[in-house]
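Just so it is clear, the values below take in all heavy atoms, side chains as well, and ignore hydrogens, waters and symmetry mates.
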Amino acid sequence: MRSPNLSVSPTLTTTTLGGWRTCAAWIPCLSICLCALLAPAIWNRFAIVFHDTGGYVQNVIRWEILPGRSFFYGLFLWITSLGWLNFWGVIIIQSLLVLWVIRLMLRCHGLADGPGSLLMHGIALSALSGISWYTSQLMPDILVSLTVLAFWLLAFRGQQLSRVERWGLMAVAMLGMLSHMSCLALAIGLLLVTGIDQMIVRWCGWPIEVRVRPLLLLVIITLFVMPVAHTLLLGKTGYTPGSPMFLFGRLVQDGLAKRWLAEHCPVDGIRLCSLQQRLPETADAFLWADNSPFRDIGSWEPQGEQEIRWLNRAIISTYPADFLINSFRFTGQQLVKVATGDGLNEHHPATRGVFTGLLTATAPEYTQARQQQGELSTTLFQTMNRMHIPLALGTVTMLPLAGIYWLRRRRHDLGLLVVFLLGALAGNALVCGALSNPHDRYQSRLIWIALLAV
């Protein structure tokens, strides 16, 4: 009788060893990349928080919806923190999503996407941009940039993605759109940019497949899901409230609100007529200061919103040219406001009240964090921004040159990527600068994708 052959196939052995080596290479790569993207939180000993963070948490705890604070991002915080037990889960998942999307960008454009390449990109982006301050932060800001990249991949690289990857990107994009109204507005703009790119590709005869339908479907579903979910879960129909107030804040800041009130008051039902002398100079002071006349007309309540909506229509229809000119001016200002750390070194009383009063499980860890001890100084961010600001602005300046270079090399996909990202940066500046008011946070949360492209 012949003995059974127990030898292992050389091919099988080689494949198995190769798989183990690859797996072993990914473990240190992901560990180092996570440490880089979570460096601010690791130093802080807690996730980084912002003025708005407490509102997202409060929405879920009290089952309500605060102006400008998405209920859906609050649910994301609750789920990923395992019911408010530990906020490290939130920022780890945000960081892993960033690494996953970066790897897809590399692979789908014919670049190396192995452990070494991802490690290089993760460390470089963390050092040269403010991305780690957004992956480490309990805010939906990092989801805005991920939505932009997800839209690009779905529309221009869909044929190179697996079904699981497509569904994953759609989930990321929908979470981003549900998490902030500015992201939803930007997504609608990117849908238009993609349609224009599709026409350019067809006109030029470039061998690129552009898929508008997935993006259109995502936007339509989001526009439908948000009000329906609000109705079913909270009993309040509509989208995340607050948009008219942010626009009026901009009209206060550019002087059109004060001008209209001076020229047209008194007006029946407009209580700001008698309070116009107390109008502040900035949008933030109007919306958030305790002594603002905004408080006297009802603040964020329905009676205040009704008056603000009426005033927005009246002011824009009275001064349409001035409104457009100021919109372009604020958009331009927003384009160059890219500093890292906007508002992170300030006192956040509303968030502190939520974390110390409602989240007893994490309250000690929160209060002992360096940020709450005042160690996030202006000097720290000034030092970072000596490199981050010129690099960010230089990168944006280089984007058109990079686009021309790749188009001349017949890499039409990379040329269109530049056009798409420039549209995203300009659209974000328009949505946040012209329809609200310019802040460094709005543009710096997105600027790292330009650095990635270059």
message: Quick check: closest heavy atoms across W26 and D113, and the distance to 0.1 Å?
response: CH2-O, 3.6 Å

Nearest atoms (heavy-atom pairs only) where S145 meets L446: CA-CD1, 3.4 Å

message: Could you measure the distance from the CD atom of Q333 to the CD atom of Q443? Nearest 0.5 Å is fine.
response: 12.5 Å

field: Interatomic distance, Q371 atom CD to E346 atom CD [nearest 0.5 angstrom]
entry: 10.5 Å

message: To the nearest 0.5 Å, what is the distance between CE on M181 and OG on S436?
response: 13.0 Å

- request: Determine, step by step, whether D413 and R157 satisfy the salt bridge (charged side-chain N to carboxylate O under 4.0 Å, His left out) criterion, reporting the C-alpha distance in whole Å, the side-chain angles of both residues, the deciding distance to 0.1 Å, and the verdict.
  value: CA-CA 9 Å; D413 56 337; R157 282 293 175 262; 2.4 Å; yes

- request: Taking the side chain as every heavy atom from C-beta outward, state whether L190 and W152 have any pair of such atoms under 4.5 Å apart.
  value: no

message: So does L358 get a backbone contact from the side chain of Q58, meaning a donor-acceptor N/O pair under 3.5 Å?
response: no

Pairwise side-chain contact, R166 with L154, heavy-atom cut-off 4.5 Å (strictly under): yes

- request: Using side-chain contact (heavy atoms from CB on, under 4.5 Å) as the criterion, list what pairs up with S182, not counting sequence neighbours.
  value: H180, V431, C432, R445

Steps toward side chain to side chain contact (heavy atoms under 4.5 Å, CB included) verdict (L251, F323): CA-CA 8 Å; L251 296 175; F323 175 76; 3.8 Å; yes

query: Testing N312, T282, L435, N326 for side-chain contact (heavy atoms from CB on, under 4.5 Å) with R250, which one passes?
result: N326

query: Is the backbone N or O of L138 less than 3.5 Å from a side-chain atom of T53, with the two atoms forming a donor-acceptor pair by type?
result: yes

task: Please identify each residue that fulfils disulfide bond (SG atoms under 2.5 Å apart) with C273, with sequence neighbours left out.
output: C265

query: Is it true that atom CE of M170 has more than 12 heavy atoms of other residues, nucleotides or ligands lying nearer than 6.0 Å?
result: yes

query: Is the F294 to W300 ring centre distance short of 6.0 Å?
result: yes

message: How long is the straight-line distance from CG of L421 back to CG of L149, given to the nearest 0.5 Å?
response: 7.0 Å

message: side chain to side chain donor-acceptor pair (under 3.5 Å), that's the test. Do S444 and Y134 meet it? Break it down for me.
response: CA-CA 9 Å; S444 68; Y134 295 105; 2.3 Å; yes

- request: Would you confirm whether S70, through its side chain, and F72, through its main-chain N or O, come within 3.5 Å as a donor-acceptor pair?
  value: yes

query: CD1 of I92 to OG1 of T80: how many Å apart, nearest 0.5 Å?
result: 10.5 Å

query: Given the side-chain rings of F381 and W133, with only the six-membered ring counted for Trp, is the space between their centroids under 6.0 Å?
result: yes

- prompt: Between L272 and P293, what is the shortest heavy-atom contact and its length?
  reply: CD2-CB, 3.9 Å

F46 ring center within less than 6.0 Å of W88 ring center: no

- prompt: Is the backbone of W43 close enough, under 3.5 Å, to the side chain of R370 for a donor and an acceptor to pair up by distance?
  reply: yes

Contact summary for D141 and Q137, nearest pair of heavy atoms: OD2-OE1, 4.4 Å

query: Given side chains that start at C-beta, do those of H230 and T240 come closer than 4.5 Å, heavy atoms only?
result: yes

- request: Answer yes or no: are there more than 12 heavy-atom neighbours, outside W167 itself, under 6.0 Å from its atom CH2?
  value: no

message: Under a 3.5 Å distance rule, please check whether E64 uses its side chain to pair with a backbone N or O of N59 as donor and acceptor.
response: no

message: Quick one, D322 and L256 - any side-chain contact, counting heavy atoms below 4.5 Å?
response: yes

- prompt: Within the side chain of Q253, is there an N or O that forms a donor-acceptor pair under 3.5 Å with the backbone of N437?
  reply: no

statement: Closest non-hydrogen contact found for S95 with I91 is OG-O, 2.8 Å

query: Do the rings of F355 and F87 sit parallel, tilted or perpendicular, given the 30° and 60° boundaries?
result: tilted

message: E165 vs R103, test: salt bridge (charged side-chain N to carboxylate O under 4.0 Å, His left out). Steps then yes/no.
response: CA-CA 12 Å; E165 289 169 341; R103 191 188 178 206; over 6 Å; no

Mutual orientation of the aromatic rings belonging to F420 and F156 [parallel < 30°, tilted 30-60°, perpendicular > 60°]: perpendicular

field: Note, L111 side chain near M105 side chain (heavy atom, < 4.5 Å)
entry: no

message: For a salt bridge (charged side-chain N to carboxylate O under 4.0 Å, His left out) check, start with the C-alpha distance between R271 and D296, then their side-chain angles and the critical distance, and finish with the verdict.
response: CA-CA 8 Å; R271 289 161 292 174; D296 299 319; over 6 Å; no

Main-chain N/O of R441 paired with D342 side-chain donor or acceptor, under 3.5 Å: yes

message: In the structure I gave you, are the side-chain heavy atoms of H388 and V338 within less than 4.5 Å of one another anywhere?
response: no

message: Evaluate D254 against R329 for side chain to side chain contact (heavy atoms under 4.5 Å, CB included), listing each step before the verdict.
response: CA-CA 10 Å; D254 68 12; R329 178 165 61 90; 4.0 Å; yes

- prompt: Between Q334 (side chain) and H439 (backbone), is there a donor-acceptor pair under 3.5 Å?
  reply: yes

message: Could you check whether any side-chain N or O of Y73 sits under 3.5 Å from a backbone N or O of M139, counting only pairs where one atom can act as donor and the other as acceptor?
response: yes

message: Taking CD in E281 as the centre, count heavy atoms belonging to other residues, nucleotides or ligands within less than 6.0 Å. Is the count above 12?
response: no

query: Does W448 reach the side chain of I102, with side-chain heavy atoms less than 4.5 Å apart?
result: yes

message: Do N86 and S81 pair up side chain to side chain, a donor and an acceptor below 3.5 Å, judged on atom types alone?
response: no

message: Donor-acceptor pair, distance only, cut-off 3.5 Å: does the side chain of T135 make one with the backbone of S132?
response: yes

- prompt: Say you draw a straight line from CG of L106 to CG of L452; how long is it, rounded to the nearest 0.5 Å?
  reply: 6.5 Å

task: Would you check if the distance from the ring center of F246 to the ring center of F286 is below 6.0 Å?
output: no

task: Could you go through the side chain to side chain contact (heavy atoms under 4.5 Å, CB included) check for W100 and L96 one step at a time?
output: CA-CA 6 Å; W100 177 60; L96 287 174; over 6 Å; no

message: I want to check something: taking the side chain as every heavy atom from C-beta on, are S292 and L287 in contact at a cut-off of under 4.5 Å?
response: no

field: Nearest heavy atoms of P227 and Y239, plus distance in Å
entry: CD-CE2, 3.5 Å

field: side chain to side chain contact (heavy atoms under 4.5 Å, CB included) between L430 and F330, intermediate numbers included
entry: CA-CA 8 Å; L430 174 65; F330 281 159; over 6 Å; no

